[in-house]
Protein chains: 2
Amino acid sequence: MAFRSEILIKLDRKGRVLLPAAFRDELPADDRGAFVLYHSPNVPGIVNGNSRLGFDAMLERLRVEALGPKGSLKAALDDEAFDPAGYLSASARTIAMEPDGRFSLPVEFAQTLEVDEGVMLVGKGDKFQMWNPKRWQARRDSDRAKMATFVRGLSDRSDA
Amino acid sequence: MAFRSEILIKLDRKGRVLLPAAFRDELPADDRGAFVLYHSPNVPGIVNGNSRLGFDAMLERLRVEALGPKGSLKAALDDEAFDPAGYLSASARTIAMEPDGRFSLPVEFAQTLEVDEGVMLVGKGDKFQMWNPKRWQARRDSDRAKMATFVRGLSDRSDA
DNA sequence: GAATTTCCCATGATATCCCATATCATCCCG
DNA sequence: CGGGATGATATGGGATATCATGGGAAATTC
């Protein structure tokens with residue numbers, strides 16, 4: 001399971017979006033037909049996506065790694081303490097696809113994305129993202145510069 | 001797994017390219033049939049290729065290098081920080097081959113390469129590259145001179 | 001019963017399958 | 001040792017399947 005590539009998908013006048021075949025193929029074989037969308041925890045305007053399995057696995061890691069094995073029990077009971085996994089669950093929605101891979105984008109996500117006629121789907125390996133195409137272009141340009149800097153930095157370190 | 005030699009391959013009028021047998025043989029035995037292409041992180045005009053395994057291994061090293069072993073949870077959640085592995089995933093595509101080893105070159109790669117009728121496939125050991133033949137010739141000539149200088153420099157350094 | 005959602009069919013573009021050919025290296029057998 | 005036989009390789013191309021998208025019609029929903 002590794003989401004790759006960036007694909008521009010049209011939003012039709014019925015509000016439907018296609019999950020590209022390249023991404024559908026990365027969903028677990030026993031759970032095609034549905035996946036999870038959730039708001040970015042720290043960047044408004046980004047919607048994240050993953051298989052149900054992948055999303056649940058991330059929550060699990062979050063519970064164990066961030067809170068420790070005992071913390072997860074506490075999170076299950078303590079309604080006062082902040083629970084990051086619970087927060088993400090609340091911001092997430094399970095999305096059922098039509099047989100051809102299309103789904104209707106819930107308005108809450110359409111709003112943060114501020115989509116009009118197209119959505120950019122971006123593979124991030126363990127998950128994918130949905131972007132407003134223009135905002136993605138700006139982000140990609142800035143990331144490209146950071147990547148070049150990062151690569152240059154690597155060679156320096158090997159000499160040191 | 002070691003990609004060697006440089007091979008000129010035709011691009012047919014359907015946009016198909018053959019992954020030469022010499023390179024196909026270097027793919028993992030349990031994962032022939034598909035591989036990964038991705039844009040060079042810092043040189044426009046170069047397309048890199050590797051097995052899925054090789055690509056994923058590189059991403060893994062990247063994550064460790066960039067974030068440290070504990071950084072993976074942060075990378076999975078933080079949509080604001082620059083994530084080199086995520087950047088590469090977005091610039092990559094999984095390519096399925098026909099049984100005879102051919103694949104249709106995605107337009108995004110055909111564009112950066114500016115190919116017309118031929119692509120140069122170049123083995124780089126742990127990965128391979130696709131080049132516009134003319135650009136590759138220029139690069140090879142410049143590399144040849146650099147290599148001679150480099151080899152000459154080696155003896156001095158080893159004595160020091 | 002008007003708006004929304006789901007199902008189904010249509011279509012153009014692309015990708016894939018499959019068959020065909022030319023070239024070359026390898027093999028095999030007398 | 002020679003001369004086909006064999007097989008893998010690189011390429012071409014027709015036929016078929018899949019993909020992304022549009023849109024009509026039935027089924028929900030409030």
Side-chain angles (χ1 to χ4, degrees), chain A residues 3-27 29 32-35 37 49 93-111 113 115-123 128-133 136, chain B residues 3-27 29 31-37 47 49 52 92-113 115-123 128 130-131 133 136:
Chain A
F3 299 101
R4 310 183 213 280
S5 86
E6 49 194 76
I7 305 172
L8 180 65
I9 291 291
K10 289 216 174 97
L11 184 84
D12 69 20
R13 65 192 65 180
K14 287 179 171 181
R16 290 179 298 186
V17 175
L18 176 81
L19 188 71
F23 288 3
R24 297 201 300 271
D25 292 344
E26 300 303 327
L27 298 176
R32 305 277 160 85
F35 61 98
L37 288 181
R93 283 194 57 175
T94 302
I95 309 287
M97 281 177 283
E98 299 175 38
D100 61 359
R102 282 189 290 192
F103 60 96
S104 44
L105 186 66
V107 282
E108 44 187 311
F109 298 125
Q111 277 171 0
L113 291 173
V115 285
D116 42 313
E117 27 93 273
V119 193
M120 188 63 79
L121 281 282
V122 181
F128 63 88
Q129 291 181 331
M130 301 181 74
W131 282 79
N132 177 304
W136 168 246
Chain B
F3 300 102
R4 306 184 215 284
S5 86
E6 47 194 79
I7 305 171
L8 181 65
I9 291 290
K10 288 216 175 99
L11 184 85
D12 69 20
R13 67 190 64 180
K14 285 179 167 185
R16 289 180 299 186
V17 174
L18 177 81
L19 188 72
F23 288 4
R24 296 201 301 271
D25 293 345
E26 300 304 324
L27 297 176
D31 192 27
R32 304 278 159 86
F35 62 97
V36 175
L37 289 181
V47 173
R52 286 199 268 213
R93 282 194 59 173
T94 304
I95 309 286
M97 280 178 285
E98 301 176 38
D100 60 0
R102 282 188 292 188
F103 60 95
S104 44
L105 185 66
V107 282
E108 43 188 311
F109 297 125
Q111 277 172 0
T112 27
L113 291 173
V115 284
D116 42 312
E117 28 91 273
V119 193
M120 187 63 79
L121 281 284
V122 182
F128 64 87
M130 301 181 74
W131 282 80
W136 167 244

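Small disclaimer: the values here were computed from a predicted structure and weren't measured.
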Distance-only, no hydrogens or angles: does the Arg32(B) side chain make a donor-acceptor pair with backbone N or O of Asp25(B) under 3.5 Å?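 It does hold such a pair.
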Which part of the nucleic acid, if any, lies within reach of Arg16(A) when heavy atoms closer than 4.0 Å are counted: base, sugar-phosphate only, or nothing?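 Arg16(A): base contact, heavy atoms under 4.0 Å.
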Search all heavy atoms of Arg24(A) against all heavy atoms of Asp100(A) and return the closest pair with its distance.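 Nearest pair, atom of Arg24(A) first, then Asp100(A): NH1-O, 3.7 Å.
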How close do Leu11(B) and Asp116(B) get, heavy atom to heavy atom, and via which atoms?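 It is CD2-O, 3.5 Å.
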Using the side-chain heavy atoms of Ala21(B), tell me which of these nucleotides is nearest: dC7(C), dA10(D), dC17(C).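 Shortest atom-to-atom distance from the side chain points to dA10(D).
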Atom [atom1] of [X] and atom [atom2] of [N]: how far apart are they, to the nearest Å?
X         : N       : atom1 : atom2 : value
Ile9(A)   : dG22(D) : CD1   : P     : 10 Å
Leu8(B)   : dA10(D) : CG    : C1'   : 12 Å
Leu19(B)  : dT11(D) : CG    : C1'   : 15 Å
Lys10(A)  : dG12(C) : NZ    : C1'   : 12 Å
Asp100(A) : dT11(C) : CG    : P     : 17 Å
Glu98(B)  : dT11(D) : CD    : C1'   : 12 Å
Asp12(B)  : dA20(C) : CG    : C1'   : 14 Å
Leu18(B)  : dT11(D) : CG    : P     : 6 Å

Would one find a side-chain N or O of Arg13(B) under 4.0 angstrom from OP1 or OP2 of dG14(D)?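 For dG14(D), neither OP1 nor OP2 has a side-chain N or O of Arg13(B) closer than 4.0 Å.
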Could you pick out which residue, Ala22(A) or Arg24(B), lies toward the 5' side of DNA chain D when each is mapped onto its nearest nucleotide?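 On the 5' side of the pair lies Arg24(B).
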Ring-ring centroid check Phe23(B) Phe35(B), cutoff 6.0 Å: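 So the answer is no for these two rings.
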To the nearest 0.5 Å, what is the distance between [atom1] ([X]) and [atom2] ([Y])?
X         : Y        : atom1 : atom2 : result
Arg93(B)  : Ile7(A)  : CZ    : CD1   : 6.0 Å
Phe103(A) : Glu98(A) : CZ    : CD    : 10.5 Å
Arg102(B) : Asp12(B) : CZ    : CG    : 6.0 Å

Give me the residues of residues 102-109 of chain B where at least one heavy atom lies under 4.0 Å from an atom of DNA chain C, by number, or none.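 Those residues are Arg102(B), Ser104(B).
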Please confirm whether any donor atom in the side chain of Lys14(B) sits under 3.5 Å from an acceptor in the base of dT11(D), or the reverse.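 Result: no qualifying N/O pair found.
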